[in-house]
Protein chains: 2
Amino acid sequence: MSIETDTKDRILATARELFHGRSYADVGIKEICTLAKVQKGSFYHFFPSKQELAMAVIDDMSDDWAHGFVAEAFDEALPPIERLDYMVDAVYYWQKAAKNAEGRMPGCLFGNLALEVSTRDEVLRARLNAVFEKASARFHEALEQAVELGEMPPLDTAATATAMLAYLEGVILLAKTRNDPDVVRILGPAIKSIRIEQRHQN
Amino acid sequence: MSIETDTKDRILATARELFHGRSYADVGIKEICTLAKVQKGSFYHFFPSKQELAMAVIDDMSDDWAHGFVAEAFDEALPPIERLDYMVDAVYYWQKAAKNAEGRMPGCLFGNLALEVSTRDEVLRARLNAVFEKASARFHEALEQAVELGEMPPLDTAATATAMLAYLEGVILLAKTRNDPDVVRILGPAIKSIRIEQRHQN
DNA sequence: AGTATAATAGACCGGTTGGTCTAGTCAAGC
DNA sequence: GCTTGACTAGACCAACCGGTCTATTATACT
């Protein structure tokens, strides 16, 4: 082993970019191979199927997120509530940069994939759901601390965390549909106003 | 004219169901024709292209919405704030019924299509954006009245209306990814907590 | 009755899809 | 030097894609 090839990485990076900028169904393996300067044979040596490639792309981006700006935004050193604004800002600047570069707002890769494939691919759906649950957990931590510090009144922090994630995804969806990152900037901060009271049982 | 054929309607209804339950790219014209018991020739007699079919489907469902449960939910006779809860309830029961019938939560047709096609089809993107703007207007009316009646403090009703729509779409997205309509029931009511203050200029 | 036109039927088209298969290259271990 | 197994190359495949085309039928108008 250790033949030091970046073939797999090139495939992964190219697929990620194409899936994010367009869609899962719209991007073919041939196109990925061409852009990544890889042959079909090599592709199927590393990935048994398009579905497995999608899984790898999801995991790859999920890792990048967890160690990238999501980690920055949810830095324990920041006041909990500021973390929410940081996250919104990060999304805004990211989407704006992507639009400037490619002319179109790509939105959230996970949200895009989730709506596209989750009715016909249980495995991918479950994977994407896990990504959302991990993201929700970051919101949850922040809310728990905010309540603890008295910066927020007591509330159902778990449900509110999920609600905030939902809101963020919804804002990105609308912004993408309008092809205008400013939607994120304008609507985003209202994420802090979302509240779900305790004791809704269930 | 007036040959009294329901061919076009059958195509439309079938396409709507398939697009909603799966995705735009995943459903072929041949499959639509087979299910609708229509031949290719007839299909292309009524619709010049798949894109035009998608437009018709969007318009069709948009009309159904406008005159269906959205009209009910945003009934002027209801107290403004109750309309929000009504809307959330309607989404919940709809999605739950769909899941019971087909095993999977289809989510929102408009949201699904928006994320799938808006990076590669300007025409469809614009159409979907218009649908969202119309929906946002209903929220706006309700909020304006709520403020007028003193049921809500003054706020940027236009921005808040859009934010609420975004939240609803986000909740549906997460619910679909979890394949669990209960997410709508639990997170939905928090739509009333969303607030964007006036004077953010721009 | 005759004609124009709307509607239906389905064979057909070039191109593309995800995926397979065989042949061959390359570096490491013995 | 030979073998092994990871990797690359690319021809090939059946199935399917959106869309076109011609032929035929059914209906409305004159």
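Note on naming: letters A, B, ... go to the chains in the order of the sequence lines (proteins, then strands), and numbering restarts at 1 for each one.
Using cut-offs of 30° and 60° on the angle between ring planes, the pair Tyr167(A) and Tyr167(B) is tilted.
OP1 and OP2 of dT8(D) both lie 4.0 Å or more from every side-chain N or O belonging to His45(A). At least one side-chain nitrogen or oxygen of Thr7(B) sits closer than 4.0 Å to the OP1 or OP2 atom of dT8(C). An OP1 or OP2 oxygen of dG10(C) is reached within less than 4.0 angstrom by a side-chain nitrogen or oxygen of Gln39(B).
The six-membered or imidazole ring of Phe139(A) lies near that of Phe74(A), with a centre-to-centre distance under 6.0 Å.
Across the protein-nucleic acid pair, Arg10(A) atom CZ and dC7(D) atom P stand 13 Å apart, rounded to whole Å. Nucleotide dT17(C) holds its P atom 7 Å from the NZ atom of Lys30(A), rounded to whole Å. Summarising the geometry, the separation between NZ on Lys50(B) and P on dG15(C) is reported as 20 Å, rounded to the nearest angstrom. The nearest whole Å value for the distance from the CG atom in Asp26(A) to the P atom in dC16(D) is 20 Å. A straight line from CZ of Phe43(A) to P of dT20(C) spans 11 Å, rounded to a whole angstrom. Between the CD atom of Glu52(B) and the P atom of dG19(D) there is a distance of 10 Å, given to the nearest Å. We find that OH of Tyr44(A) is positioned 17 Å from C1' of dT22(C), with the value rounded to whole Å. One atom, CD1 of Ile11(B), and another, C1' of dA7(C), lie 11 Å apart when rounded to the nearest Å.
The side-chain tip of Lys8(B) points at the ring of Phe47(B) from less than 6.0 angstrom away and within 45° of straight on. Judged by the 6.0 Å and 45° rule, Lys50(A) forms no cation-pi pair with Phe43(A).
Checking dT8(D), dG18(C), dG19(D) against the side-chain heavy atoms of Ser42(A) singles out dT8(D) as nearest.
Residues Val27(A) and Gly41(A) each lie close to DNA chain C; by heavy-atom proximity, the contact nearer the 5' end of the strand is made by Val27(A).
The base of dG19(C) sits with one of its N or O atoms less than 3.5 Å from a complementary donor or acceptor on the side chain of Lys40(A).
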Practice task
Might you work through the salt bridge (Lys or Arg N to Asp or Glu O under 4.0 Å) test for Arg22(A) and Glu31(A), ending with a clear yes or no?
Solution key: CA-CA 12 Å; Arg22(A) 306 232 294 280; Glu31(A) 184 179 2; 2.9 Å; yes
